[in-house]
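Here the structure is laid out as C-alpha cells; the discussion comes afterwards.
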Number of protein chains: 2
Amino acid sequence: MTRVRLVDVAREAGVHPGTASRALNPAARDGVSRRTVRRVELVAQRLGYVPNTLARGLRTSRSFVVALVIPDITNPLFPQIVRGAEQVLSEAGYTLVLTDTNNDPATEGSQVAAMSARGVDGFIVATARWEDATLDDLAAVGTPTVLVNRRNAAGLFPYIGADDRRGVDLCVDHLTALGHCAILHLGGPANTSTARDRSDAFRQSMRAHGLSGDLSIAGASYTEQAGAEAVRAALQQGMDFTAIVAANDLLALGAAQALAERGITCPADVSITGYNDIDFMSRLSPPFTTVRVPLRRMGELAAQTLLAWLDGRPPDAATQVLLPVKFMERGTTARVAVPVR
Amino acid sequence: MTRVRLVDVAREAGVHPGTASRALNPAARDGVSRRTVRRVELVAQRLGYVPNTLARGLRTSRSFVVALVIPDITNPLFPQIVRGAEQVLSEAGYTLVLTDTNNDPATEGSQVAAMSARGVDGFIVATARWEDATLDDLAAVGTPTVLVNRRNAAGLFPYIGADDRRGVDLCVDHLTALGHCAILHLGGPANTSTARDRSDAFRQSMRAHGLSGDLSIAGASYTEQAGAEAVRAALQQGMDFTAIVAANDLLALGAAQALAERGITCPADVSITGYNDIDFMSRLSPPFTTVRVPLRRMGELAAQTLLAWLDGRPPDAATQVLLPVKFMERGTTARVAVPVR
DNA sequence: CAATCTAACGCAATCGTTTGTGCATCCCGT
DNA sequence: ACGGGATGCACAAACGATTGCGTTAGATTG
C-alpha cells in the first residue's frame, strides 16, 4: 500500500509529471491550460494524492518547518508562547517543531544544529542569553530567526518582548504609593536580557522616586529555588526591606517561601510583586500581585514576523516590538507596616 | 556559503561518494577498509560535514521524526508528558514535533495527515477519544503509534497510562475512612477513556464499600469551567453529598469554585479529591488532596515503546502499561461533618 | 502562403543521499 | 604459474518532487 505519487497522478491524467506539478502549483499554473489544470486536480483528488514534503523540500530547499527553542516546557511561561506561535504557523501551513534545551547552552547548540540539518526554514528562539554563541552562529549563516521573550547583546535579530521598563515602573509606583521606601529587587540570572532590563528599570524607577535603587540581589536562575536561596542569603546578611520587586513569578514564589520560613508574613510584614502573571498566580493565597505579560500574543507576533521574513519580507535590522503590560494588583502587596520598634 | 555535501567530503578524501557514505555509516562500514574509514571521517570532521536529513529521508524513507499529538499545551498535564518524551527521543537522535489540536477532532485529523505527508516515523497520541477515526486511519495504514494518557475502544495500539482503578480506589477508601457515605463522582467527558475508566472504578469501589455508586455527574470537558457548571447544576437539582471524587484536577477546581459560590466551604462542609496532581495543586489553599500520576514517566515510556517499534521490535498487540499512582493526602478532605439539622 | 509568434506541454537535469551490482586487485594454495 | 575467493572500491540507479529549456502545433501577421 505505497503512497500515490505525482507520477501516478500524471499517468492517470495523461500528462507529463512536470505538467502535473505545475498544474497543482498555483504559483506556476500559468503555463498550463485551464482544462488540464482541472483534469489534473480532479485526478489528484480522486487518487488522494498528497505531495511528499521531503522530496519537495530537497528540491526547493524549503521545508515549511519552523523550530521553536525554549528552555523548559514545564515552566508555565512557555506553553502560552508556544500556543500563540503554533496557531499562527499552522494556519499558514507551517509545522512547528518544539525543542526543549533544558536550560543548557550546549544542548541548545546541538539541538539547533540538528534542526538546521533537518532543513528548518527558520527559528523562533526564547532562550536567548545576553552573550549567545548559538545566536551568533545563526546570524553568521543568515538563518531567519526571531527572538521572543529574551534578546541578546548583538541585537541582529528582531525581538518580540514586553515593556519591562513600564512593568517595573508600575510595581515601584504601586509600592511607593503604599508607603514603601526600602524596596529590594530580586533579579534574575545576569546572562539574560530580562534580568538586565528589569534590574536597570528598577534602579531608574527608584531614583525617579527619590529613592536608592541599590538594594538588589539576584537569583541564579528563574526558578523558585533560586529565589528562595537568594532571599535567605539576604536575610542572613541582615538586609532590611519592606517590599520585594521580583523579576519573575517563580522567583517571587521562592521569596515568599524564604520569608515564611523566618516567620515573616506577606503582605503584612513584607509586600511582594511578581512578574509575568503565570496562570495560577491569581489562585494562590494570598493571590499574587504581579505584572501581566501578553505571552500568547508575543508568540503570535514572533511567528508572524518570522513568516513575513520567510515570505521574502525581512524585518528591518534589529526591530524591537515591546508589547504593553498590565499591572495586576492582588493580595501580596499592602500599605507599609508602621515600624514596631 | 552553501553547506558541505557528501560529494565534497568524498572528493576531498579521494573516494567515491558511495564509499564515503558507507564509511560514515557505522552499519555499512564492513565493505570499507579501516584506513579509508578513518580518512573519510577526518575529512568530514574537518569540513564540518553534516548530512542532509531530507535527502537521506527521501532515500531511506525514514525521517527520525516523531510527532506528539496533544489537545492543549496550556493544560499543565501535558508539558510533563512532553518533557519525558522529548528527552528520550532526543537522546536517541530523534526529533519531536509537537502538534496541538486545540481539542478539536477535525484539527487533529488534518494535523496528523500533514505529519504523515511530512514523513514522520511514528506518532505518540495523547488525545485519543474512545471512538477515534484518526486512530482508525493510522491503524489502517499501519503507522507506528503509541497512545499515552488516553486509550481508544479499538485497542489496536499500545497504551501507556496510569492505574486509574487503584487511583480512584484510594480516593474512595480515604473518604469512606473519614466517614463519608454520600460521595459524588464528577466525571470527565464521556468520549474519553479516562472518564470511562475512572467512572467505572468509582462505581465498583463504592459498591465494594457497600455504598451506592450512582451519585454521578460529568463535565463536558476537562476544564475548570465544565467542572463548575456540572456542580452548579447538581446543587440546583438538590443533590446531596458530603464529598466529591473528581476525575481530574481542573474539574475539581471548578467544583470547589461552584461550592464556594453557594457558601459551602471545603473541606469543612464538603471534601474534594482531584486527579493527576498538576504542578500547583499543592500550593493552593487549602492544598488539594489528589492522586499523583507519573506523567513524565508516562511520556518517557511512550517514547521508549515507540522507539523499540521503530527499531523493528513492534509491541505485542494492545500492550497496556499501567503505572502506579500515589495518593496525596492534603487539605481538601476532612472527616465528615456531623449533620447539623 | 510563408514567416513569425505564442500558448501548452514534454524532456531531462537536479536536489543530496543510500545501496545493489560489478570490476579490479591481492593473497593464498596447489 | 594459475585459478578461486576475499576484499575494497567505483558506478549508477534509485527516492519524489521542481523547473529551465526545447519542441510542437495552432494562431497571427504581412
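Just so we're on the same page: letters track the sequence lines, and every chain starts at 1. Given the structure is predicted, the values throughout are model-derived calculations rather than measurements.
- In this structure, Val37(B) and Asn52(A) both approach DNA chain D, and ranking their closest nucleotides by distance from the 5' end singles out Val37(B).
- Rounded to whole Å, the distance from CG on Leu6(A) to P on dT19(D) is 12 Å.
- Using a 4.0 Å heavy-atom distance criterion, Thr36(A) is classed as a sugar-phosphate-only contact.
- When rounded to the nearest whole Å, the span between CG of Leu54(A) and C1' of dT18(D) equals 15 Å.
- Separating the CZ atom of Arg56(A) from the C1' atom of dC15(D) is a distance of 16 Å, rounded to the nearest angstrom.
- Sequence order on DNA chain C of the closest nucleotides to Leu58(A) and Asp30(A) puts Asp30(A) first from the 5' end.
- Distance Arg5(A) CZ to dA14(D) P: 12 Å, rounded to the nearest Å.
- Atom pair Arg35(B):CZ and dC9(D):P shows a separation of 8 Å (rounding to whole Å applied).
- Where Asn25(A) and Ala55(A) each meet DNA chain D at their nearest nucleotide, the meeting point lying more 5' is that of Ala55(A).
- When heavy atoms are screened at a 4.0 angstrom cut-off, Ser61(B) is found touching no nucleic acid atom at all.
- Considering CD of Gln111(B) and OG1 of Thr134(B), their distance stands at 11.0 Å, rounded to 0.5 Å.
- Considering only side-chain N and O atoms, Ser33(B) lies under 4.0 angstrom from the phosphate OP1 or OP2 of dC9(D).
- Counting heavy-atom neighbours within 6.0 Å of Arg38(A) CZ, excluding the residue itself, gives a total of 12 or less.
- Rounding to the nearest 0.5 angstrom, the gap separating the CG atom in Asn103(B) from the CG atom in Asn75(B) is 8.5 Å.
- At a threshold of 4.0 angstrom between heavy atoms, the contacts of Gly119(A) with the nucleic acid are absent.
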Salt bridge (charged side-chain N to carboxylate O under 4.0 Å, His left out) evaluation trace for Arg83(A) with Asp72(B): CA-CA 8 Å; Arg83(A) 193 145 229 272; Asp72(B) 178 10; 3.0 Å; yes
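- Contacts of Ser21(B) with the nucleic acid, taken as non-hydrogen atoms under 4.0 Å apart, include base atoms.
- Between Arg59(A) atom CZ and dA12(C) atom P the separation is 16 Å, expressed in whole Å.
- The side chain of Thr60(B) lies closest to dT18(C), out of dA17(D), dC9(D), dT18(C).
- Between the CG atom of Asn191(B) and the CG atom of Asp132(B) there is a distance of 9.0 Å, given to the nearest 0.5 Å.
- A straight line from NE2 of His16(B) to P of dA24(C) spans 15 Å, rounded to a whole angstrom.
- The nearest whole Å value for the distance from the CZ atom in Arg22(B) to the P atom in dC11(D) is 13 Å.
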